[in-house]
Each structure stands twice: as C-alpha cells, then as structure tokens.
Student: 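Supplied in structure tokens, the structure appears directly below.
Naming: A, B, ... by sequence-line order, numbering from 1 per chain. Because the structure is a prediction, the values reported are computed rather than measured.
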There are 2 protein chains.
Amino acid sequence: MVEPSEDTDLLFKALADPNRRKLLDLLHQHDGRTLGELCEHMDMTRQGVTQHLDVLEAANLVATVRRGREKLHFLNPVPLQEIYERWIAKFEKPRLKALTDMKRRLEKGNG
Amino acid sequence: MVEPSEDTDLLFKALADPNRRKLLDLLHQHDGRTLGELCEHMDMTRQGVTQHLDVLEAANLVATVRRGREKLHFLNPVPLQEIYERWIAKFEKPRLKALTDMKRRLEKGNG
DNA sequence: ACACAATGCAAGTAATGACTTGCCTATTAA
DNA sequence: TTAATAGGCAAGTCATTACTTGCATTGTGT
C-alpha cells in the first residue's frame with residue numbers, strides 16, 4: 001500500500017459507492033432527514049443504509065444529531081471543496097483559466 | 001443496487017484507490033510515460049500497475065498510445081471537470097457564492 | 001406501565017477488489 | 001537470428017466490502 005492521507009482516502013472511498021452518492025443527493029435535496037426517511041428512498045434494509053451513512057460520517061460528509069429517538073442527518077459539503085482543490089483545480093486550473101480568460105475577452109469584445 | 005450512471009461510477013471507483021491517484025499524480029507531473037517508467041514509482045508488480053491503469057483507462061482518465069513495444073500513458077483531466085460540475089459545484093455553489101459575496105463586500109468596505 | 005416506533009449492535013455471507021505468480025507475445029538491437 | 005526488453009493474458013489468493021438476518025436498546029404517546 002501507498003501512504004495515503006487517511007482523510008482523503010476515506011473521502012474518495014465514501015464517494016465510490018452509488019448508494020452513498022444517492023444519500024448525499026437526498027440530503028442535498030432536503031437536509032436534516034431521519035434515518036427512516038432516508039430508508040424510504042433506498043432499496044435495501046435499514047442496516048444497509050445505516051452502514052452507508054456511517055461511512056459518509058467517517059468521511060465527514062455527513063453530520064448527525066439525535067433528537068429523541070430519531071437521528072437527523074446533515075450534509076457537510078466542505079470535504080468536497082478539499083477534493084476540488086487537491087484533485088480538480090490542480091489538474092484543471094490551466095484549462096479552466098484558459099476558458100475563463102477567453103470568456104472574459106469575448107464578453108469584453110461583444111459588450 | 002441503484003441505477004448509477006455507468007460513467008460516473010467508473011470514475012469514482014477509479015479515484016477510490018490511493019495507488020491510482022498516485023498514478024494520476026505521476027502523469028500530472030510528467031505525461032506520456034511508459035508502463036515501465038510508471039512501475040519504477042509504484043511499490044507493486046508490473047501487473048498490478050497495469051490493472052490499475054486499465055481501471056483509469058476505463059474511467060477515461062488515462063489514454064494510451066503504443067509506440068513500438070512501449071505503451072505511453074496520457075492524463076485526461078476532462079472527467080474530473082465533470083465531477084466538479086456534478087458533485088462539487090452543485091453542493092458548494094451556494095456556500096462559495098456566499099463566501100465570494102462576503103469577500104467582495106469586505107474589500108469594498110476596507111478599500 | 002404498555003405497545004409501538006426509531007435506531008443500534010453483531011455475526012454471517014456473497015461478491016468485489018487488489019495483488020501475485022507463471023507463462024506467452026511482440027518489438028528492438030546486436 | 002537470437003537475446004534482451006516491454007508489455008499482455010489468465011488464474012489464483014487474500015482482504016475488503018456490501019448487504020442481510022436476528023435480536024437488543026431507547027424513546028414516545030396513551
């Protein structure tokens with residue numbers, strides 16, 4: 001094995017599963033859902049969903065709060081920003097910069 | 001299983017492994033390397049590296065060209081941009097907008 | 001107190017993934 | 001042409017992962 005930043009690895013591993021990405025989407029649509037509410041949209045047992053949520057929580061993509069017997073789930077988008085900086089911006093910045101520069105020039109020229 | 005976009009899934013799965021991310025980094029540093037050159041930096045057998053590169057190629061993150069008996073590997077950052085649009089911008093845009101708005105206000109105020 | 005509702009815990013299984021070993025093919029250079 | 005170099009193929013192993021089933025716990029409303 002290589003020596004991965006543990007955080008980064010948890011993050012990418014968390015995003016690697018389509019069901020977990022679906023959970024993130026569900027929370028993006030509507031934050032603060034209970035486990036039960038999330039389960040209604042997932043085609044697996046409650047335990048399966050719980051385990052996926054645990055992975056998301058370990059990756060710091062989801063935070064939870066207990067309210068009585070319920071558990072509320074909240075999306076934390078900050079780690080995604082870290083992915084952006086480390087993996088998107090780094091690889092794409094030159095290309096993106098070229099695009100935005102061009103866009104600016106075009107707007108200047110046409111306006 | 002959920003119905004994932006096959007492309008998206010290949011992409012995230014490809015990024016989920018630290019050794020594959022290391023390969024992307026190596027290609028980012030210096031594009032067009034042969035398999036052998038990549039192997040020198042990876043702590044596993046050539047076949048292991050080949051298999052990782054196959055995954056990256058399936059995700060369209062790496063393109064290859066044969067030159068004689070060598071195989072050259074090139075990084076394709078475009079899919080990363082797609083991740084950005086679908087998974088970073090979507091989740092972070094409001095937050096980022098808030099930040100840049102605040103920044104602008106602060107600059108206006110202090111300048 | 002009671003029944004029900006929401007969630008937690010733990011062990012088991014089946015599939016996938018990472019990696020290896022051993023051998024085969026193709027290209028280059030002497 | 002032959003030896004060395006660069007890479008390909010396929011099967012096998014071991015660990016991890018996704019998911020399940022069964023039971024235990026904790027909170028809520030009556």
Side-chain angles (χ1 to χ4, degrees), chain A residues 1-4 6-27 30-59 61-74, chain B residues 1-4 6-27 30-59 61-74:
Chain A
M1 277 280 152
V2 87
E3 23 140 350
E6 200 52 52
D7 289 358
T8 303
D9 209 47
L10 288 177
L11 188 48
F12 276 109
K13 291 253 163 69
L15 290 169
D17 185 276
N19 283 310
R20 285 196 288 269
R21 294 197 298 276
K22 183 174 179 183
L23 284 168
L24 292 180
D25 267 343
L26 287 170
L27 291 179
H30 169 21
D31 224 7
R33 301 204 214 212
T34 67
L35 174 59
E37 284 168 342
L38 290 170
C39 286
E40 290 170 17
H41 301 270
M42 303 296 293
D43 196 18
M44 68 181 66
T45 62
R46 178 174 52 82
Q47 323 304 349
V49 177
T50 297
Q51 286 164 21
H52 281 307
L53 287 169
D54 287 345
V55 173
L56 291 171
E57 197 168 355
L61 283 164
V62 164
T64 62
V65 170
R66 282 220 79 134
R67 187 182 59 189
R69 65 183 159 183
E70 297 175 314
K71 192 176 190 181
L72 307 182
H73 298 78
F74 297 89
Chain B
M1 275 283 152
V2 86
E3 22 139 352
E6 200 52 50
D7 288 358
T8 304
D9 209 46
L10 288 177
L11 189 48
F12 276 108
K13 291 253 165 67
L15 291 170
D17 184 276
N19 282 309
R20 286 195 287 270
R21 294 197 298 275
K22 183 174 178 182
L23 284 168
L24 292 180
D25 267 342
L26 287 170
L27 291 179
H30 168 22
D31 224 7
R33 300 204 214 210
T34 66
L35 175 57
E37 283 168 343
L38 290 170
C39 286
E40 290 170 18
H41 300 270
M42 302 297 292
D43 196 19
M44 69 181 63
T45 61
R46 178 172 52 83
Q47 325 305 351
V49 177
T50 297
Q51 284 165 22
H52 281 306
L53 287 169
D54 286 346
V55 173
L56 291 171
E57 198 169 354
L61 282 164
V62 164
T64 61
V65 171
R66 281 221 77 138
R67 187 182 61 189
R69 64 183 159 183
E70 296 175 315
K71 191 178 192 182
L72 307 183
H73 297 77
F74 297 89

Student: Going from CG on B:Asn19 to CE on B:Met44, what distance comes out if it is rounded to the nearest 0.5 angstrom?
Tutor: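 Interatomic distance, B:Asn19 CG to B:Met44 CE, rounded to 0.5 Å: 3.5 Å.
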
Student: Within the structure, does a side-chain N or O atom of B:Thr45 lie under 4.0 Å from either OP1 or OP2 of C:dC19?
Tutor: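 No, B:Thr45 has no side-chain N/O under 4.0 Å of OP1/OP2 on C:dC19.
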
Student: Please report, rounded to the nearest Å, how far the C1' atom of D:dG7 is from the CE atom of B:Met42.
Tutor: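 About 17 Å, once rounded to whole Å.
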
Student: What's the spacing between A:Leu56 CG and A:Asp17 CG if we round to 0.5 Å?
Tutor: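 Rounded to the nearest 0.5 Å, the CG-CG separation comes out at 8.5 Å.
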
Student: I need the B:Gln47 CD to B:Gln51 CD distance, nearest 0.5 Å.
Tutor: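 If we round to the nearest 0.5 Å, B:Gln47:CD and B:Gln51:CD are 7.5 Å apart.
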
Student: Nearest-Å distance, CG (A:Asp17) to P (C:dG17)?
Tutor: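 For the pair A:Asp17 CG and C:dG17 P, the rounded distance is 11 Å.
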
Student: Give, for atom NE2 of B:His73 and atom NE2 of B:His30, the distance between the pair rounded to the nearest 0.5 Å.
Tutor: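 Between atom NE2 of B:His73 and atom NE2 of B:His30 there are 13.0 Å.
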
Student: Classify the nucleic acid contact of A:Arg20 as base, sugar-phosphate or nothing, counting any heavy atom under 4.0 Å across all strands shown.
Tutor: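 Touches sugar-phosphate only.
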
Student: When we call it a touch if two heavy atoms are under 4.0 Å apart, what does B:Gly48 touch: a base, just sugar-phosphate, or nothing?
Tutor: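 If one applies the 4.0 Å heavy-atom cut-off, B:Gly48 turns out to touch a base.
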
Student: Provide, to the nearest angstrom, the distance between the CG atom belonging to A:Asp43 and the P atom belonging to D:dA18.
Tutor: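 Spelled out: CG on A:Asp43 to P on D:dA18 is 16 Å.
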
Student: Rounding to an integer number of Å, can you tell me how far A:Asn19 CG sits from C:dT16 P?
Tutor: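 Distance, rounded to whole Å: 14 Å.
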
Student: Can you measure A:Leu53 atom CG to D:dA18 atom P for me and round it to whole angstrom units?
Tutor: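 That distance rounds to 13 Å.
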
Student: Could you run down nucleotides 4-11 of chain C 5' to 3' and tag each one B, S or - for protein heavy-atom contact under 4.0 Å?
Tutor: -BSBBB--

Student: Would you mind telling me which of C:dA18, D:dC19, C:dT20 lies closest to the side-chain atoms of B:Met44?
Tutor: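 Closest of the options to the side chain of B:Met44: C:dT20.
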
Student: Pair B:Thr8, B:Leu11 - check side chain to side chain contact (heavy atoms under 4.5 Å, CB included), show working.
Tutor: CA-CA 5 Å; B:Thr8 304; B:Leu11 189 48; 5.5 Å; no

Student: Tell me whether the OP1 or OP2 atom of D:dT17 has a side-chain N or O from A:His52 closer than 4.0 Å.
Tutor: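 Checking D:dT17 against A:His52, no side-chain N or O comes under 4.0 Å of OP1 or OP2.
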
Student: Round to the nearest Å and state the distance from B:Lys13 atom NZ to D:dT16 atom C1'.
Tutor: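 Rounded to whole Å, this separation is 13 Å.
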
Student: Below 4.0 angstrom, N of the basic side chain to O of the carboxylate: do B:Asp9 and A:Arg21 qualify?
Tutor: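 Yes.
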
Student: Provide, to the nearest angstrom, the distance between the CG atom belonging to A:Leu10 and the P atom belonging to D:dT17.
Tutor: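 One finds 10 Å between P of D:dT17 and CG of A:Leu10, rounded.
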
Student: In sequence, state the C-alpha distance, the side-chain angles, and the governing distance for A:Leu35 and A:Leu72, and then conclude on side chain to side chain contact (heavy atoms under 4.5 Å, CB included).
Tutor: CA-CA 7 Å; A:Leu35 174 59; A:Leu72 307 182; over 6 Å; no

